[in-house]
Amino acid sequence: MNNSDYENYIKLKDQLNIYRRQYYTEDAPTVQDFEYDRLYQELLKVESAHPEWVTNDSPSQNVGGAINSAFPKFRHEIPMLSMDDVFSLEESQASAERIKKFVNQTDVEFNLELKIDGLALSLIYENGRLVKGSTRGDGFVGEDITPNIFQIDDVPKTIPLKERIEVRGECYLGKDSFAELNNKRLEDGKSTFANPRNAAAGSLRQLDSSITKSRHLQTFIYFVIEPENYGLKTQSEALKQLQEWGFATNNQNRVVNDFKEVQNYIDEYQEKRLDLPYNIDGIVFKVNDFKLQSLLGNTVKVPRWEFAYKFPPIEAHTHLRTIEWTV
Ligand code: NAD
């Protein structure tokens, strides 16, 4: 073993864990996401060359961050996982091919969705009534934030379904609400939030529910736990059903069969993202068929049936486009 390589690895791991605490637990990141992503990819590269160095405290083995709040803890019946990231079209294609190989099929339908830059949320309904709302936390245990969930206007408090159901999605702060909130904080001499994602996380985890209400949080619900219990066969069908039940869903999804369609969708939303009223940081690829999703299963950290293509940071992207136009 090369000692200095190992020491550098430990330093990188410690630095990433500090960034994770700032981001997930304190809602106060000190580096941009693309910088975190770059260092995390570096960590993964070292770990794949030295699997013997990987211990339980590595960011590659953990979802989210430690819970450090006054909210009661809530144990998820089914863990809330993270997602694998890719950073180029070539890598997206390679990931899609790996999935096809895994299920031994040449054609696999993907449902493409916008990756909303917010925080994951779980909602449980019993006898048609909202009974529990929680955050992801470390994936196994989240925070019970039920009183605050009742303050989000677009979360239905009742649904036309008697069976118990858990749904999950993203809680976010729209661009206008974010600007309004930060302006108000500046006026009041308070520190501003770094980005809408952190503002949403801070707003959802307020001990005073009236503060949560004043922040105008919104949701997009995209996930039904055990969808087959409700007769659902595909992710695109689940999104339609969620909307019929009264949830806020994002209807910009698209079912695709070939890579040209993927490319078109990514190009389209890379352009449109600046005009959307909420922040997105990429495109999520989900195997559409729930039977295939079950076949693929999960690793300790991520489902094998979905991954995200992360957009380049806006500055870099604008720069690239400028170069394209001027040559
Ligand atoms: P992630 O945010 O990359 O992806 C998983 C999450 O995507 C899910 O939990 C869900 O909340 C969300 N999501 C949004 N739209 C979705 C959709 N349509 N379908 C399914 N899920 C959707 O993973 P993560 O583990 O939550 O966070 C890792 C990311 O957080 C990093 O890539 C990095 O950008 C950021 N981060 C930044 C810092 C920092 O210091 N800046 C630190 C830690 C993490």
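Because the structure is predicted, anything quoted here is derived from the model rather than measured. Each ligand, and each atom within it, is numbered from 1 in the order the structure gives. Scope of the values below: all heavy atoms of this structure, side chains included, with no hydrogens, waters or symmetry mates.
Backbone and side-chain nitrogen or oxygen atoms of I116 are examined, and one is located within less than 3.5 angstrom of a nitrogen or oxygen of ligand 1. Ligand 1 has a nitrogen or oxygen under 3.5 angstrom from a nitrogen or oxygen of D33.
Contacts between M80 and ligand 1, counted as non-hydrogen atom pairs separated by less than 4.0 Å, are absent for every part of the residue. Of the heavy atoms in Y23, only side-chain atoms (C-beta onward) come closer than 4.0 Å to ligand 1.
The aromatic rings of Y40 and Y36 sit parallel to each other, their planes meeting at less than 30°, with 60° as the upper class boundary.
Residue D37 has at least one heavy-atom neighbour below 4.0 Å for each of these atoms of ligand 1: 31 (C), 32 (O), 33 (C), 34 (O). Close approach of ligand 1 to Y19 is summarised as follows: ligand atoms under 4.0 Å from at least one heavy atom of the residue are 40 (O), 42 (C). Below 4.0 Å from some heavy atom of D85 lie the following atoms of ligand 1, by number and element: 3 (O), 32 (O). For ligand 1 and S82, the ligand atoms under 4.0 Å from any heavy atom of the residue are 23 (O), 24 (P), 25 (O). Close approach of ligand 1 to L81 (heavy-atom distance below 4.0 Å) involves ligand atoms 9 (O). Using a 4.0 Å cut-off to heavy atoms of A120, the atoms of ligand 1 that qualify are 9 (O), 11 (O). Near E113, meaning under 4.0 Å from any of its heavy atoms, are these atoms of ligand 1: 17 (C), 18 (N), 19 (N). Which parts of ligand 1 touch M83 is read off a 4.0 Å heavy-atom cut-off, strictly below it: atoms 4 (O), 5 (C), 7 (O), 20 (C), 21 (N), 22 (C).
With no hydrogens or angles considered, a side-chain donor-acceptor pair links E113 and Q235 at under 3.5 Å.
With D154 contributing its side chain and T219 its backbone, the two residues share a donor-acceptor pair below 3.5 Å. At least one donor-acceptor pair closer than 3.5 Å links the side chain of S48 to the backbone N or O of K45. The main-chain N or O of S236 is never found under 3.5 Å from a side-chain atom of K286 such that the two would form a donor-acceptor pair.
Scanning the protein for heavy atoms near atom 24 (P) of ligand 1, the closest one is Y24 OH, 3.4 Å. Here the protein heavy atom with the shortest distance to atom 11 (O) of ligand 1 is E170 OE1, 2.5 Å. Summary of contacts: the protein heavy atom closest to atom 22 (C) of ligand 1 is Y222 OH, 3.2 Å. Among protein heavy atoms, the minimum distance from atom 26 (O) of ligand 1 is reached at R136 NH2, 2.7 Å. Considering only non-hydrogen protein atoms, atom 19 (N) of ligand 1 sits nearest to K286 NZ, 2.8 Å. Scanning the protein for heavy atoms near atom 2 (O) of ligand 1, the closest one is K115 NZ, 3.0 Å.
Residue R205 holds its CZ atom at 14.5 Å from CD1 of I211, rounded to the nearest 0.5 Å.
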**OP:** Tell me, with the steps shown, if Y269 and Y309 meet ring pair (Phe, Tyr, Trp, His ring centres under 6.0 Å).
**Re:** CA-CA 12 Å; Y269 282 97; Y309 163 81; over 10 Å; no
Original post:
After noting the C-alpha distance and the side-chain angles of N198 and N195, does the key distance pass the side-chain hydrogen bond (donor to acceptor under 3.5 Å, both in side chains) rule?
Top reply: CA-CA 6 Å; N198 292 103; N195 55 50; 2.9 Å; yes
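Residue contact check for ligand 1: V31 places a non-hydrogen atom closer than 4.0 Å to it. Heavy atoms of L114 come nearer than 4.0 angstrom to ligand 1 in at least one pair. The shell of residues lying under 4.0 angstrom from ligand 1, judged by heavy atoms, excludes E35.
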Enumerate donor-acceptor pairs with a distance under 3.5 Å from any side-chain N or O in residues 132-139 to protein atoms, sequence neighbours excluded.
residue	atom	partner	partner atom	Å
K132	NZ	D144	OD2	2.8
T135	OG1	E143	N	2.9
T135	OG1	E143	OE1	2.7
R136	NH1	L81	O	3.3
D138	OD1	F140	N	2.9
D138	OD1	V141	N	2.8

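In the displayed structure, N104 atom CG is contacted under 6.0 Å by at most 12 heavy atoms of other residues, nucleotides or ligands.
For T106, there are no side-chain contact (heavy atoms from CB on, under 4.5 Å) partners two or more places apart in sequence or in a different chain.
Side-chain atoms of V54 and S60, non-hydrogen and from C-beta on, do get closer than 4.5 Å to each other. Using a 4.5 Å heavy-atom threshold, the side chains of Q32 and P313 count as separate.
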